[in-house]
2 protein chains.
Amino acid sequence: MQIGELARSTGVKIETIRYYEREHLLPVPQRTDGNYRLYTPRHVEQLRFIRYCRSLDMSLEEVRLLIEARDALAGSCRTVNALLDEKMAEVDARVDELRQLQDQLRQLRGLCQQPDEVKTCGILMELNRSAGIDKAQI
Amino acid sequence: MQIGELARSTGVKIETIRYYEREHLLPVPQRTDGNYRLYTPRHVEQLRFIRYCRSLDMSLEEVRLLIEARDALAGSCRTVNALLDEKMAEVDARVDELRQLQDQLRQLRGLCQQPDEVKTCGILMELNRSAGIDKAQI
DNA sequence: CTTGACCATGAAGCCACTTCAGGCTGTTCG
DNA sequence: CGAACAGCCTGAAGTGGCTTCATGGTCAAG
Ligand SMILES: [Zn+2]
Ligand SMILES: [Zn+2]
Ligand SMILES: [Zn+2]
Ligand SMILES: [Zn+2]
């Protein structure tokens with residue numbers, strides 16, 4: 001199968017596929033006489049694996065580690081567990097951050113109920129205040 | 001005050017300050033005879049404003065809009081409200097995404113309680129399964 | 001034999017910075 | 001006066017994970 005079909009059957013853009021190849025995440029495919037890339041079902045699987053890991057917010061570097069672990073013939077999966085634990089901690093932390101952000105944004109938004117003049121807008125006044133700007137001194 | 005002191009008093013890296021200048025977010029400062037940048041309290045305020053907006057997850061483009069609105073002598077603050085509403089929607093959506101991610105990660109992590117051999121690791125098996133790879137066919 | 005779909009490459013763009021290389025400025029100490 | 005050292009300057013390139021662009025080759029249908 002050539003690159004267009006691989007792209008269609010996985011929902012991954014052609015350019016992204018070529019990018020993964022450059023990054024050594026996808027095995028180098030064979031070529032036709034006309035220099036077209038030729039993919040096998042193995043490539044489809046590998047590409048799906050990558051995208052599933054990406055959907056779990058793994059970086060490409062982490063995907064590389066997971067592929068390595070997956071293809072290892074022996075050894076412990078401790079690194080895989082550690083990777084997931086770290087990722088979970090990261091996500092938890094990010095959720096906390098975003099929830100604080102939600103509060104801040106809601107509060108700020110509440111300072112201007114209906115669109116008014118910029119000079120008296122509670123939002124802009126608060127933005128300036130939070131930045132430590134006293135209107136009088138400008 | 002020169003750039004090092006501005007950096008110290010705002011907690012913003014020197015390179016970032018120069019970057020903001022290149023991006024027209026900070027007014028061009030005067031220079032000494034030795035070509036050193038010379039900042040005023042006005043710059044401190046503007047920089048703090050930018051960083052506060054950034055802490056609210058605004059993009060630099062959005063910060064530019066907010067600065068423009070703030071410095072406008074007249075006009076309605078409707079664009080400011082719209083900007084905040086959009087940002088809140090974005091954050092809400094992202095939180096939902098991350099919560100689903102948390103569930104997925106927790107579930108995946110549960111498949112391997114203690115570090116074992118990679119060949120029998122529930123996590124790696126599930127990663128392959130989710131990517132549609134049947135071990136038998138490899 | 002031309003049209004049009006498909007594919008190729010390398011370079012550049014995106015965001016918000018950070019890092020690096022190589023060189024000037026300005027103060028202080030001997 | 002000279003050397004050491006902190007501080008500043010510029011322009012270019014790197015980061016991640018792609019996307020977009022410019023330009024040109026390949027191949028089947030009509
Ligand atoms: Zn390599
Ligand atoms: Zn308002
Ligand atoms: Zn400009
Ligand atoms: Zn395991």
Side-chain N,O (A:Lys13) to OP1/OP2 (D:dG17) below 4.0 Å: no

Length of the CZ-P vector between A:Arg8 and C:dA5, whole Å: 13 Å

Less than 4.0 angstrom from a charged side-chain N to a carboxylate O is my criterion; do B:Arg18 and B:Glu21 meet it? no

Of B:Met58 and A:Asn35, the one whose closest DNA chain C nucleotide lies more 5': A:Asn35

I need the CD1-P distance between A:Ile3 and D:dG25, as an integer number of Å. 19 Å

Just to be sure I understand the rule, does A:Gln2 reach a base, reach only the sugar-phosphate, or reach nothing, if contact means heavy atoms closer than 4.0 Å? sugar-phosphate

Exceeds 12 heavy-atom contacts within 6.0 angstrom, atom CZ of A:Arg78: no

Salt bridge flag under 4.0 Å for residues A:Glu45 and A:Arg48: no

In whole angstrom, give the distance that lies between atom CD of A:Glu15 and atom P of D:dG16. 21 Å

If you apply the rule salt bridge (charged side-chain N to carboxylate O under 4.0 Å, His left out), what do you find for B:Glu61 with B:Arg64, and how did you get there? CA-CA 5 Å; B:Glu61 188 52 40; B:Arg64 254 186 284 268; 3.2 Å; yes

Hey, which sits more toward the 5' end of DNA chain C by its nearest nucleotide, B:Thr16 or A:Arg31? A:Arg31

Using a cut-off of 4.0 Å on non-hydrogen atoms, how would the nucleic acid contact of B:Ser59 be classed: base, sugar-phosphate, or nothing? sugar-phosphate

Could you tell me how far apart B:Asp57 (CG) and C:dC15 (C1') are, to the nearest whole angstrom? 13 Å

NA contact type, B:Arg51, heavy-atom cut-off 4.0 Å: base, sugar-phosphate, or nothing? sugar-phosphate

Would you say D:dG16 has OP1 or OP2 under 4.0 Å from some side-chain N or O of A:Tyr19? no

OP1 or OP2 of C:dA8 sitting under 4.0 Å from any side-chain N/O of A:Arg37? yes

Would you kindly give the CG-to-P distance between B:Leu47 and C:dC17, to the nearest whole Å? 11 Å

Grab the CD1-P distance between B:Ile50 and C:dC15 for me, whole Å please. 16 Å

How long is the line joining CZ of A:Arg64 and P of D:dG17, in whole Å? 8 Å

side-chain N/O A:Arg22 vs C:dT9 OP1/OP2, d < 4.0 Å: no

In the structure I gave you, are the side-chain heavy atoms of A:Arg70 and B:Val118 within less than 4.5 Å of one another anywhere? no

Does C:dA8 have OP1 or OP2 sitting under 4.0 Å from an N or O in the side chain of A:Arg18? yes

Rounded to whole Å, please give me the gap between CG in A:Leu25 and C1' in D:dG16. 12 Å

Presence of B:Tyr36 side-chain N/O under 4.0 Å of C:dC24 phosphate oxygens OP1/OP2: no

